[in-house]
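This report concerns only the one structure given below.
Computed from a predicted model, the values in this text were never measured in an experiment. The sequence lines fix the lettering, A, B, ..., with proteins before strands; numbering per chain opens at 1.
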Number of protein chains: 2
Amino acid sequence: MQTEEEFKDFILNGHLHYIPNVSIDCAIFGYHEQTLKLMLIRHRNMSSWSLPGGHIKRSETLVEAASRNVRMHTGLDNLFLQQFKTFGDPNRIQFNKFDKEKWFEITGLTSWEGNWLMDHTISVGFYAVTDFSETVLQTDISIAECAWFDIGSLPPLEFDHSEMVKEALHTMRLHLYHYPIGLNMLPEKFTLSEIHALYETLLGKKLDVSNFPKKLIALGLLNKLTEKRSIGAHRSPHLYSFDREKYTLALKEGLVLS
Amino acid sequence: MQTEEEFKDFILNGHLHYIPNVSIDCAIFGYHEQTLKLMLIRHRNMSSWSLPGGHIKRSETLVEAASRNVRMHTGLDNLFLQQFKTFGDPNRIQFNKFDKEKWFEITGLTSWEGNWLMDHTISVGFYAVTDFSETVLQTDISIAECAWFDIGSLPPLEFDHSEMVKEALHTMRLHLYHYPIGLNMLPEKFTLSEIHALYETLLGKKLDVSNFPKKLIALGLLNKLTEKRSIGAHRSPHLYSFDREKYTLALKEGLVLS
DNA sequence: TCAAAAGTGTTTTCTATACACCCATGC
DNA sequence: GCATGGGTGTATAGAAAACACTTTTGA
């Protein structure tokens, strides 16, 4: 959706291709060098930030809608993407906060009564994880801004999105112990220290320097490479890579990291 | 919804009070004397069974809708009720399987094009647990039958409800280790053997006779009563009851049972 | 006194955690 | 050689599992 014309058509006739009354919202977590960030967008005509989201095409599944949304904003595909909760409180969206005038100007409408977008909307929350340094943030005509925010200092969010973030973070941290989430946040080859730092940042707590690598190796997902990384005046750490086969299996079947 | 007239009005004008394109479905698990059952309903004009469900009123939250649904079918309130997943695959409902003729007869319509019910519907899954011997199954005008089925021998289900049951069961079993779920499935006063049997049945596996009670007591949710139960030619077991305060706290904050 | 079920105690095994210590590297 | 981070080994505490044993009850 890049032109004003397409946007107008979406507002007026979107319900022909998209399911009304339902949307998805995505909490996209980004990791890089020991900082955890969250991607937020600012809609046109809105002053506060919100999670990226959108409607579901009549031909696609929920995950596909979420995946399309994430791809649209980050340019990335095949991220770890999980449903975490569905939100539907009656007052989760305050339509009276919208900028009527601007809206009428775009659409040529004089009232939003009966418009498919201006109705009670339930939203299915998804979260994704990625390396934010690899992303190229993209907007479309409906979005004014798009940016990464430090997880510790998020701005006030629109709608019920603050609660969504809280839930998303909670679920993501739970999943860290039951799924291998790391493939998209680490380079192809990485050291144990790097993955250690990743887990510490995502979980927001310290993990034992000695025991964490042991547990990780015990899972059997890692291949120890013969290569080492040169890090200057220190012992060269071994490089590891994920065993793709075991990784994808663990994604399906789950695992237990204590 | 008890009369033919109300049913017709729901079909024709329900979208005024209910949100279209979204529904909730409930997997209601029932326990009694070491058997685990699931409540299923059969819609009018449908040959197979399905999970009870319905639309969400514009004024209520998702849980409230689920709660209303459960109450309607079982007569029970305040059950442990949890969202487990939202389902939205494009082909989850095959509208062409519906009995058109019967439908037209009821409504006086000659086509279902444009009817609010005949559109892509996303469904939010909830599960509940109760003692099935305490329930009084109730139907309404839209439902032909309502019955408990043994969890091990469920009939084929409509839509994607088989997958829903699988997911509901999985989530319920996970939650058993993180929430106190038992209040609604046991009498006010119960023995350790009874709660032991409950957990074994819900989890579908054996739990150690000696260690399970220890862990349970260690949680601190139980009050040991001075009363005992007389069970014939055997040692009389102590009766226990839940500590309401600690129970409700644990419902909110969670707990860890290994 | 015996069978059956309740309940307790003990032994063994496993695992989590803390921490001491050795290794590799470049200056 | 020494400072620094990488990596390994071990000792200890605590939890989980297995199971033997004691208690209570009514026939």
Nearest-Å distance, NZ (A:K228) to C1' (D:dG5)?
-> 14 Å
Would you say the side-chain atoms of A:H161 pair up with the backbone N or O of A:L51, donor to acceptor, closer than 3.5 Å?
-> yes
A:F190 CZ to D:dG6 P, straight-line distance once rounded to whole Å = 15 Å
Whole-Å distance between C:dA6 P and B:I217 CD1?
-> 14 Å
Is the shortest distance from a Lys or Arg side-chain nitrogen in B:K205 or B:E200 to a carboxylate oxygen in the other one below 4.0 Å?
-> no
Which nucleotide, C:dG7, C:dA6, C:dC19, lies nearest any side-chain atom of B:H238?
-> C:dG7
Is the closest basic N to carboxylate O distance between B:K252 and B:E245 below 4.0 Å?
-> no
Report the nucleotide, chosen from D:dG7, D:dA16, D:dT23, that has the shortest atom-to-atom distance to any side-chain atom of A:P237.
-> D:dG7
At what angle, to 10 degrees, do the two end axes of the helix from C:dT1-D:dA27 to C:dC27-D:dG1 meet, given five pairs define each axis?
-> 20°
Could you tell me whether the side chain of B:Q83 and the main chain of B:V124 form a donor-acceptor pair under 3.5 Å?
-> no
Should B:S258 be listed as having a side-chain N or O under 4.0 Å from OP1 or OP2 of D:dA16?
-> yes
Select one nucleotide: of D:dT23, C:dT25, D:dG26, the one nearest the side-chain heavy atoms of B:A233.
-> D:dG26
How long is the line joining CG of A:L216 and C1' of D:dT8, in whole Å?
-> 16 Å
Does A:E194 come within less than 4.0 Å of A:R229, counting only side-chain N to carboxylate O?
-> yes
Hey, does A:K224 reach any base, or is it just sugar-phosphate, or nothing, if we go heavy atoms under 4.0 Å?
-> sugar-phosphate
Given atom NZ of B:K206 and atom C1' of D:dA16, what is their separation to the nearest angstrom?
-> 20 Å
Name the closest nucleotide to the B:S210 side chain, picking from D:dC19, C:dA16, C:dA24.
-> D:dC19
Counting just side-chain N and O atoms, does A:S193 come under 4.0 Å of either OP1 or OP2 of D:dG6?
-> yes
Before giving the answer on side chain to side chain donor-acceptor pair (under 3.5 Å), spell out for B:D25 and B:S123 the whole-Å C-alpha distance, their side-chain angles and the decisive distance to 0.1 Å.
-> CA-CA 7 Å; B:D25 281 302; B:S123 188; 2.6 Å; yes
Quick one: A:R235 CZ to C:dT25 C1', roughly how many Å, whole number?
-> 10 Å
Cation-aromatic face contact B:K37/B:F132, 6.0 Å, 45 degrees | yes
Base of D:dT4 paired with side chain of A:H234 (donor-acceptor, under 3.5 Å) = yes
Quick one: sort the A:Y127 and A:F84 rings into parallel, tilted or perpendicular, breaks at 30° and 60°.
-> tilted
Euclidean distance, atom CD1 of residue A:I231 to atom P of C:dC23 [Å, nearest integer] | 18 Å
Starting from the 5' end of DNA chain C, give me the residue, A:D208 or A:S230, whose nearest nucleotide shows up first.
-> A:D208
OH of B:Y177 versus C1' of D:dA16: gap in Å, rounded?
-> 13 Å
Side chain of B:N211 only, please: which of D:dG6, C:dA6, D:dA17 is the nearest?
-> D:dA17
Checking all strands, does A:K214 fall into the base, sugar-phosphate, or nothing category for heavy-atom contacts under 4.0 angstrom?
-> base
